[in-house]
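Below is one structure; the comments refer to it alone.
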Amino acid sequence: MLNFDVLIIGSGLAGMTLALHLAEQRKVCVVTKRDLLEGSSTYAQGGIAAVLDTGDSAEAHIRDTLVAGAGLCDEEATRFIVEHSKAAIDWLIELGVPFTRDDSHQTGYHLTREGGHSHRRIIHAADATGAAVTSTLGQKLRAHPNITLLEEHIAVDLITARKLGLAGERCYGAYVLDKASDKVLTVAARDTIIASGGAGKVYLYTTNPDTATGDGIAMGWRAGCRVGNMEFIQFHPTCLYHPHSKSFLISEAVRGEGGILKLPDGTRFMPEHDERAELAPRDVVARAIDFEMKKHGLDCVYLDISYKPASFVREHFPNIYAHCLNLGIDITQQPIPVVPAAHYTCGGLVTDLAGRTDVAGLFAVGEAACTGLHGANRLASNSLLECMVVGRAAADAILAAPAIELPAIPDWDDSQVTDPDEEVVISHNWDELRRAMWDYVGIVRTNKRLKRALHRIELLKLEIDEYYSHFHVSNDLIELRNLVLTAELIVRSAMARHESRGLHYSRDYPDTLPRAEPTVLTPDTP
Ligand SMILES: Cc1cc2nc3c(=O)[nH]c(=O)nc-3n(C[C@H](O)[C@H](O)[C@H](O)COP(=O)(O)OP(=O)(O)OC[C@H]3O[C@@H](n4cnc5c(N)ncnc54)[C@H](O)[C@@H]3O)c2cc1C
């Protein structure tokens, strides 16, 4: 058995922030299922929203967040996170993150403006902000003597008082599969943090890396935590559609610079959906593409910028040009095949502003959590900010709490299971689940589609749970078990909302109700 003060599940910006704030005073273990840098944080492109410019104000940033969130943001959470934005950025600068400089600006840094923001407030490192942040923090983390980093280790389940047959609701660490040795380790800790990111992989098309399988949300739910607002999944309208390139974003700037969305026969369709055509907001464009794909039975639509001079296209979009050319698509000569893709999970484990969940000793931070900041739609570049501000607050809460005694914890018992006989069950169910979610629980929902999805999910869940109880755990089985549970939580949340609001659009309930209420699901107590 391994024993630590704090166990952190996940090494994205949320997990790294906690580890670095805690390590001076606590023995910390970070488990991460791939290598240290693999996770959405590293792929973040645009930047981090923060009130840095003297012409900007916290009130303006709060207002923009509340407007994007379609009336559902928790105002207290929004205020707390926005008011701590400058301190969070100062911390990153102190650690040496190489943000893009602009000596003519009063801050010394270049700030961009993104959709929904009323001011220039996005600090960035060129167009690869996440990579600059995680590589800088990652180096510090690797070098810290109080941090034990377990890469290629995947958390299987939390160890709770309930599972140990003890009184109360408390977490004491997690069982963790070491993928190299295929052994499940017992990692005991006084405090455990879920920093495992979102759940984009629940959908067939996603901009998220393979790590985003909702593991922490599912583990927290099984441990007795409530989940909130799971129906609000943000879809990015234009992800490259190509068999050899998963998850490549075609930036909204392509539409901004005149890119036209077309059907395979060359017909332009956006003007029929919105008078702003290709420049309509993200969710409107995503819904229109979804409508056309479903209506015509298409695999993708096309984004055409090839009518502009080739030099203009190469100069404005060097990365997109190079990436597509590598795949045989010359965007100066031909349109780009695109599909909308799941991008951000607004909901998650319900927490307070210090990341505390319903279970003592268990925290959730980052995309796995639901603080109420994002409401019904996330404002661009607020998510990395939330990882840092709530991560810092969670670290402070952990440092302030009195130490507890750990109970005796039994090792993982796999004496009753055997090696899997037919791994095709995993790959088949994985594909079926993601396609059902894409077809029935995507951008436009109906009661009938949600019912169909739930029916299939219930069958898949039975089969997966049975497989799980008979065979040794593996990375794919753990992820699939979590994906199917997360899918169920998304569908049940969507069914509970009888209106259209923000990212949740239902053809059966097209109106928005006068009063905004979060959707909160509570696990059954045994
Ligand atoms: C392409 C893209 C661009 C984006 N651009 C921006 C942007 O410009 N600005 C912005 O604010 N946001 C952006 N976002 C969103 C933002 O990147 C994420 O919301 C944020 O990085 C989430 O951080 P996190 O620490 O919660 O999770 P992640 O960074 O996803 O990290 C999760 C970690 O948990 C690990 N993990 C998961 N399950 C387990 C398990 N069972 N056991 C062990 N480890 C596990 C993963 O391996 C990973 O290390 C973007 C997202 C994407 C996908």
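All residue numbers refer to positions in the sequence shown, counting from 1. Numbering of ligands and ligand atoms starts at 1, following listing order.
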Practice problem: Would you tell me which option among Ala155, Ala49, Gly46 has the nearest heavy-atom contact to atom 42 (N) of ligand 1? | Solution: Ala155
Exercise. Have a look at ligand 1 and work out which part of Leu13, if any, has a heavy atom under 4.0 Å from it: side chain, backbone, both or neither.
Key: backbone
Exercise. Determine whether the side chains of Arg481 and Tyr468 contain a donor N or O and an acceptor N or O closer than 3.5 Å.
Key: yes
Practice problem: Please indicate whether any nitrogen or oxygen in Thr207 is less than 3.5 Å from any nitrogen or oxygen in ligand 1. | Solution: no
Quiz item: Does Arg378 count as lying over the ring of Tyr344, i.e. NZ or CZ under 6.0 Å from the six-ring centre, within 45 degrees of the axis?
Solution: yes
Quiz item: What are the atoms of ligand 1, with element, lying closer than 4.0 Å to any heavy atom of Ala195?
Solution: 32 (C), 33 (C), 34 (O)
Self-check item: Part of Ser41 with heavy atoms under 4.0 Å of ligand 1, whether side chain, backbone, both or neither
Solution: both
Quiz item: What residue and atom, counting heavy atoms only, is the protein's closest point to atom 38 (N) of ligand 1, and at what distance?
Solution: Asp215 OD2, 3.3 Å
Quiz item: Looking at Glu38, which atoms of ligand 1 are within less than 4.0 Å of one of its heavy atoms?
Solution: 46 (C), 47 (O), 48 (C), 49 (O)
Self-check item: Distance-only side-chain donor-acceptor flag, Asn377 / Gln234, under 3.5 Å
Solution: yes
Quiz item: In terms of residue, atom name and distance, what is the protein heavy atom nearest to atom 16 (C) of ligand 1?
Solution: Ser383 OG, 3.9 Å
Exercise. Going by heavy-atom distance to atom 47 (O) of ligand 1, choose the closest among Thr211, Asn382, Leu379.
Key: Thr211
Self-check item: Contact check: Leu384 vs ligand 1, nitrogen or oxygen atoms, below 3.5 angstrom
Solution: yes
Quiz item: To which protein heavy atom is atom 34 (O) of ligand 1 closest, and what is the distance rounded to 0.1 Å?
Solution: Gly10 CA, 3.1 Å
Quiz item: Going by the order shown, which atoms of ligand 1 are within less than 4.0 Å of some heavy atom of Ala44?
Solution: 3 (C), 4 (C), 5 (N), 6 (C), 7 (C), 13 (C), 17 (O)
Quiz item: When you check the side-chain N and O atoms of Tyr467 and Glu423, is any donor under 3.5 Å from an acceptor?
Solution: no
Quiz prompt | Polar side chain donor-acceptor pair, Thr519 to Glu231, under 3.5 angstrom | solution = yes
Exercise. Please write down residue, atom name and distance for the protein heavy atom closest to atom 1 (C) of ligand 1.
Key: Tyr43 O, 3.8 Å
Self-check item: atom 27 (O) of ligand 1 - nearest protein heavy atom and its distance
Solution: Gly197 CA, 3.3 Å
Self-check item: Short side-chain to backbone donor-acceptor contact, Asp414 and His472, under 3.5 Å
Solution: no
Self-check item: Ring centroid separation His343 to Phe235 under 6.0 Å
Solution: no
Quiz item: Can Arg34 and Glu151 be counted as an ion pair, charged N to O under 4.0 angstrom?
Solution: no
Quiz prompt | Val31: numbered ligand 1 atoms lying under 4.0 Å from its heavy atoms | solution = 43 (C), 44 (N)
Quiz item: With atoms numbered from 1 as shown, which atoms in ligand 1 lie under 4.0 angstrom from a non-hydrogen atom of Gly47?
Solution: 7 (C), 8 (O), 9 (N), 10 (C), 11 (O)
Quiz prompt | Within 45° cone and under 6.0 Å: Arg101 NZ/CZ vs Tyr109 ring | solution = yes
Quiz item: Hey, are Thr213 and Asp215 close enough side-chain-wise for a donor-acceptor pair under 3.5 Å?
Solution: yes
Exercise. Considering the heavy atoms of Tyr344, write down every atom of ligand 1 situated less than 4.0 Å from one of them.
Key: 19 (O)
Quiz item: What atoms in ligand 1 come closer than 4.0 Å to a heavy atom of Ile9?
Solution: 40 (C), 42 (N), 43 (C)
Practice problem: Check whether the side chains of His21 and Asp396 place a donor and an acceptor atom closer than 3.5 Å, and report yes or no. | Solution: no
Quiz item: Nearest protein heavy-atom contact for atom 28 (P) of ligand 1: which residue, which atom, what distance?
Solution: Ser40 N, 3.7 Å
Quiz item: Between His153 and ligand 1, which residue portion shows a heavy-atom distance shorter than 4.0 Å: side chain, backbone, both, or neither?
Solution: backbone
Quiz item: When you measure from atom 25 (O) of ligand 1 to every protein heavy atom, which one gives the shortest distance, and what is it?
Solution: Ala14 N, 3.0 Å
Quiz prompt | Per-atom contacts of ligand 1 with Gly366, taking only distances under 4.0 Å to non-hydrogen atoms | solution = 26 (O)
Quiz item: Nearest to atom 19 (O) of ligand 1, what protein heavy atom do you find, and at what distance?
Solution: Glu367 OE1, 2.7 Å
Practice problem: Please determine, by modelled atom types, if Asp53 and Thr107 share a side-chain donor-acceptor pair under 3.5 angstrom. | Solution: no
Quiz item: Between His117 and Arg113, do the side chains contain an N or O donor and an N or O acceptor separated by less than 3.5 Å?
Solution: no
Exercise. Using a strict cut-off of less than 4.0 Å between a Lys/Arg side-chain nitrogen and an Asp/Glu carboxylate oxygen, indicate whether Arg222 and Asp157 qualify as a salt bridge.
Key: yes
Quiz prompt | Candidate with minimal heavy-atom separation from atom 13 (C) of ligand 1, of Lys33, His343, Glu479, Arg378 | solution = Arg378
